[in-house]
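Because the structure is predicted, anything quoted here is derived from the model rather than measured. One is the number of the first residue; the rest follow in order along the sequence. Both ligands and their constituent atoms are indexed starting at 1 by order of listing.
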Amino acid sequence: MRYTVVLTGEYPPIAREILAPAFDVIQHPTEQARTEEEIITILSEADAAITLLGDPLTRNVLAANPNLRMVANYAVGYNNVDVEAARELGITVTNTPGVLTDATADLTMALMLAITRRVVEGDDEIRTTGRCEWEPMKLLGISLQGKRLGIIGMGRIGSAVAERARAFGMEVVGSRRGESIDDVLATSDVISVHAPLTRETHHIIDAAALSRMKPGAYIVNTSRGPLIDENALCDALDSGHLRGAALDVYEFEPEVNPRLLRMRNVVIVPHIGSATDEARTAMARIAAMDVFRFLNGQPPLNPVVPQPRA
Ligand code: DGY
């Protein structure tokens, strides 16, 4: 009997190349914010699936198809998966750690530089006026050299950002899971957020946390949007308490808070932290290899460790 593997989006071709010789592969177009009903329909024929980070793999979805035995989530983050339900239902879940660390750390530095050096405002000015005019006081930002970077979440990606930031002459302080972030918030010129989204980290940067940040500081988020209370962030930017924010992820993705769209002291990009040829291909390879191994009776290499109960 040939197993059926469902690809819920259009992944790099390597995924199909690995899977198609051995299994029946059904590929669906990439779609944002599917409903539970939509994803249940898509997964109805699957023995295993490669899933998008926006696919809601809730208990209902996981329980709907008794043949579904494995889900390879095409992301390092797996907050879209009810891991407890998967464990109870005996469904194996994997993710794609490691291979997107450099790409995401690079984008974090790109955003940090873009917001502190007002790159997007400059680009916008030239496109609008068609001119490049040098002026002594125009578009002044800050230098990263000698500034303090506070990293919330010193895991793989946070540590890779720390390494890059030190090369720019920054002093780095970090907080790990379970540690207080108060000192990091109060003393940093730039905060960069790199924690996974869990019950504990949801709104870890809320109005109170923002008020503890240094006046004139910047914040960068390339992890998950709901770690920051977006309305509170807009208030802090509007009031001038924060000087700028650079975001790759949003609280209600794929929706983006309209207040952010109007702000010039915000750089916004569409969740492209891992968007390099190299990282996305490597993610597809390890997701597909884990499906291949699993359906051939071997343990997958990147099983997700369940979150402990709150
Ligand atoms: C992830 O892997 O969790 C990123 O958000 C997308 O690559």
Side-chain angles (χ1 to χ4, degrees), residues 7-15 30-34 39 49-57 71-83 86 93-112 151-161 164 177 192-202 204-205 219-228 230 245-256 267-291 300-307:
L7 312 183
T8 69
E10 291 155 66
Y11 305 104
I14 185 77
T30 301
E31 271 173 34
Q32 307 296 317
R34 286 185 172 114
I39 194 79
I50 300 184
T51 52
L52 294 164
L53 57 82
D55 292 336
L57 301 178
V71 168
N73 205 43
Y74 184 70
V76 65
Y78 49 88
N79 50 285
N80 58 313
V81 186
D82 184 334
V83 172
V93 179
T94 62
N95 67 342
T96 62
V99 293
L100 46 77
T101 301
D102 288 327
T104 308
D106 288 350
L107 185 83
T108 305
M109 292 311 295
L111 288 177
M112 205 183 300
I151 298 187
I152 314 281
M154 279 291 260
R156 282 192 196 87
I157 297 172
S159 303
V161 171
R164 286 156 174 76
R177 188 177 185 159
S192 193
V193 186
H194 297 285
L197 174 59
T198 63
R199 275 181 286 242
E200 297 79 39
T201 62
H202 181 264
I204 191 170
I205 306 292
I219 190 161
V220 179
N221 188 9
T222 56
S223 56
R224 284 292 184 269
L227 268 67
I228 300 183
E230 232 164 52
L247 307 173
D248 182 39
V249 288
Y250 304 88
E251 187 171 356
F252 301 107
E253 229 168 286
E255 305 303 324
V256 176
V267 172
I268 44 179
V269 293
H271 205 148
I272 55 171
S274 64
T276 63
D277 293 342
E278 294 85 352
R280 290 283 168 86
T281 298
M283 289 164 68
R285 180 180 292 111
I286 67 173
M289 279 309 299
D290 269 345
V291 171
L301 298 177
N302 302 284
V304 157
V305 180
Q307 300 292 322

Protein heavy atom at shortest distance from atom 2 (O) of ligand 1:
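In this structure, atom 2 (O) of ligand 1 has Val76 N, 2.6 Å as its nearest protein heavy atom.
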Nearest non-hydrogen protein atom to atom 3 (O) of ligand 1, with distance, is Arg224 NH2, 2.7 Å
Measuring from [X]:[atom1] to [Y]:[atom2], what's the distance to the nearest 0.5 Å?
X      : Y      : atom1 : atom2 : value
Thr198 : Leu227 : OG1   : CG    : 7.5 Å
Ser159 : Met154 : OG    : CE    : 5.0 Å
Asn302 : Ile286 : CG    : CD1   : 4.5 Å
Ile268 : Leu111 : CD1   : CG    : 11.0 Å
Thr8   : Leu52  : OG1   : CG    : 3.5 Å
Leu247 : Asn221 : CG    : CG    : 6.5 Å

Step-by-step side-chain contact (heavy atoms from CB on, under 4.5 Å) determination, Thr108 to Arg164:
CA-CA 10 Å; Thr108 305; Arg164 286 156 174 76; over 6 Å; no
Atom indices of ligand 1 within 4.0 angstrom of [X] heavy atoms, with elements:
X      : answer
Ala75  : 1 (C), 2 (O), 3 (O)
Met283 : 7 (O)
Leu100 : 2 (O), 7 (O)

Compute the minimum heavy-atom distance from Arg280 to ligand 1 and say whether it is under 4.0 Å.
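No heavy atom of Arg280 comes that close to ligand 1.
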N/O to N/O below 3.5 Å, does that happen between [X] and ligand 1?
X      : value
Leu53  : no
His271 : yes
Ser274 : yes
Gly77  : yes
Ser223 : no

Would you mind telling me which of Arg280, Met283, Arg285 makes a side-chain contact (heavy atoms from CB on, under 4.5 Å) with Pro12?
Arg280
For ligand 1, does Thr96 get within less than 4.0 Å through its side chain, its backbone, both, or neither, judged by non-hydrogen atoms?
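Contact part for Thr96 vs ligand 1: neither.
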